[in-house]
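Single-structure report; data block below.
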Amino acid sequence: MKLKNTEHIFETVKRRNQNEPEFLQAVEEVLSSIDPVLDKYPEYESVVNSIIEPERFIIFRVPWIDDKGNTQVNRGFRVQFNSAIGPYKGGLRFHPSVNGSIIKFLGFEQIFKNSLTGLPIGGGKGGSDFDPKGKSDNEILRFCQSFMTELSKYIGAYTDVPAGDIGVGAREIGYLYGQYKRIKGLNEGVLTGKGLPYGGSLTRKEATGYGLIYLMEEILKHNNDSMKDKTVVISGSGNVAIYATEKAMELGAKVVALSDSNGYIHDPNGIDLDAVKQLKEVERKRIKEYVKDHPEAKYFDGCKGIWTIKCDVALPCATQNEIDEESAKFLVANGCKAVGEGANMPSTPEAIEVYIENNIMFAPAKAANAGGVAVSALEMSQNSMRLSWTFEEVDEKLKDIMKNIFVRISTAAKEYGDEGNYVVGSNIAGFLKVAQAMYAQGTV
Ligand code: NDP
C-alpha cells in the first residue's frame, strides 16, 4: 500500500536507520496499516513520529571466559522502545544473527503486541550475538552472569522486565535471575519465564504455542471451521513449535512436520511429540535424530522445503522472513487455508500479499504469538501479589486474552474498511491504545 499521511515519516525512518532492513520492514508494515487512522485522528501524527524512535537503546560489552580459559567478547543489547502503557516488556534472544536491526524490529513489534493483550505492558527487547549452541553448561552460566552484570543497571520489576526468546529458555533465565538477585539483593519479578520453584508461572512454558492455537481456533470458528482433522505443518522445534504442536494435537489436528535451522522432518503419520520433547528439551539434539527411531518419517536438509508439504494450516514458529513469496505460493497451490505466525515476522511482505490475494486466513505475529507475553504479564501479577495460580486458572485467562485479541483485531479491521485483514486490524488496534496513552501523557 502507498503511504499518504506517513510517507514523510517513513523517509525520516529510512534516513536515520540505514542498514537496518528488518527494522524498516517492520515499520513500513505498521505505517501502511495506520496511515488511514491519521485521516480520523490527525493529532496522532506526532505520536507516530515518536513511536518509531526508541526511548532508549543500550549496547554493551559482554566479556566471558570459555572452558579453555580464553576471554571471549560478545555484544549485548536492550531496546526500551515504549513505556506509555507499562514497564518495558519483551524477551532476550541469544543467537549469532542478533544485531541492532533485529533487536529494534522485535522491540518495535512488541509495543503493538503488548498493547493487544489488554495488559499494562510497554515494548522492549534485547539479546546478544552469543551462540549457545555447542557451549557447555558452565560457559552458558558465565556468559549469562556477565550479561546480567551489565543489564542489571537498566532493568527492574517496575521499569523493564525481560523474558526468553530464541536461545533463552528456562536454564538461561535461571542463571540470569540468580545473578540479578546477587547484584541487587532483590527477590522481585524482574524476569519472566522463571522456574516454578522461584516465582515462575504455570502455563508460561506452553503459553505462546497454546495461545497461537487458541487464536487460530477463533479465526477458523469465525469461518465455520476448526482445527479438528486439519493437517498442520510447523517450522522450528523450540519452545513455540513444541507447544503449538501439543495444543493442535489436543484439538484433533495432525502435525506432520517440524524443523530446526539445519533441516526438517516429515512424518505423514503425525509427529511423535514425546520423542521430539526428549530430543529437543532434554538431550538438546538436532531434529534429524528423530528419523532414527521413526522409520516412516523422512529428514530433509535445508529449511525452505518444509513449505512444499501439503497442509491445511501452516504455522511458522522458527524465525523472521522464513516464508518468502515462492513458499507462500507453494502453500496456496497445495490448498493451505490458514497461516498463523508463532515466530516474529516470519513472512516477508511479498508472502503476506500472496496470502491476502488468495483469501488465506492469516494471523500475524503481533496477535498470534501474544500469548507468551500475556502470560508473562500474568507472572508479573502473581509475583507482585506473592501468589501462584493453578495451571487451569492461567490457561483460562490465556484463552480469554486470545479471544479478546481476536475481537480487537477483527473489529478494528472492519471499522477501517478492511474486514478479515488481521494485519491491518492488529496494527490499528495495537496502535490506538498506545497512541491514546502517549497523547494523554504529553510524551509525544
Ligand atoms: P527456541 O530457541 O526455543 O527455538 C527456535 C527454533 O527455531 C529452533 O528450532 C531453531 O533451530 C529454529 N531457528 C532459530 N533460528 C533459525 C534460523 N535462522 N533459521 C531456521 N530455524 C531457526 O525459540 P522460541 O521457540 O522461543 O522462538 C521461536 C520464535 O517465536 C522466534 O521468532 C521468537 O521471537 C518467537 N516468539 C517466542 C516467544 C516465546 O515465548 N518463546 C513469544 C513470542 C514470539 P536451531 O535449534 O537449529 O537453532
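In each ligand, atom 1 is the first atom listed, and ligand 1 is the first ligand listed. All residue numbers in this chain count up from 1 along the given sequence.
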Ionic contact status for D260 with K280, cut-off 4.0 Å:
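A salt bridge is present here (some side-chain N lies under 4.0 Å from a carboxylate O).
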
Between E188 and K181, is there a side-chain N and carboxylate O pair less than 4.0 Å apart?
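No, no charged N to carboxylate O under 4.0 Å.
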
Using 0.5 Å steps for rounding, measure from the CD atom of E172 to the SG atom of C144.
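Reported value, rounded in 0.5 Å steps: 5.5 Å.
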
The criterion is side chain to side chain contact (heavy atoms under 4.5 Å, CB included); which residues satisfy it with N334, sequence neighbours excluded?
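Only K310 meet the side chain to side chain contact (heavy atoms under 4.5 Å, CB included) criterion with N334.
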
Is the Lys NZ or Arg CZ of K133 less than 6.0 Å from the centre of F94's six-membered ring, within 45° of the axis?
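Judged by the rule (NZ or CZ under 6.0 Å from the ring centre, within 45° of its axis), K133 is not positioned above F94.
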
For ligand 1, what are the residues with a heavy-atom contact below 4.0 Å?
R93, H95, K133, D165, I166, G167, R204, T208, G236, S237, G238, N239, V240, S259, D260, S261, R286, C303, C317, A318, T319, G342, A343, N344, N369

Atom NZ of residue position K277 - does it have more than 12 heavy atoms of other residues, nucleotides or ligands inside 6.0 Å?
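It does: K277 NZ has more than 12 such atoms within range.
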
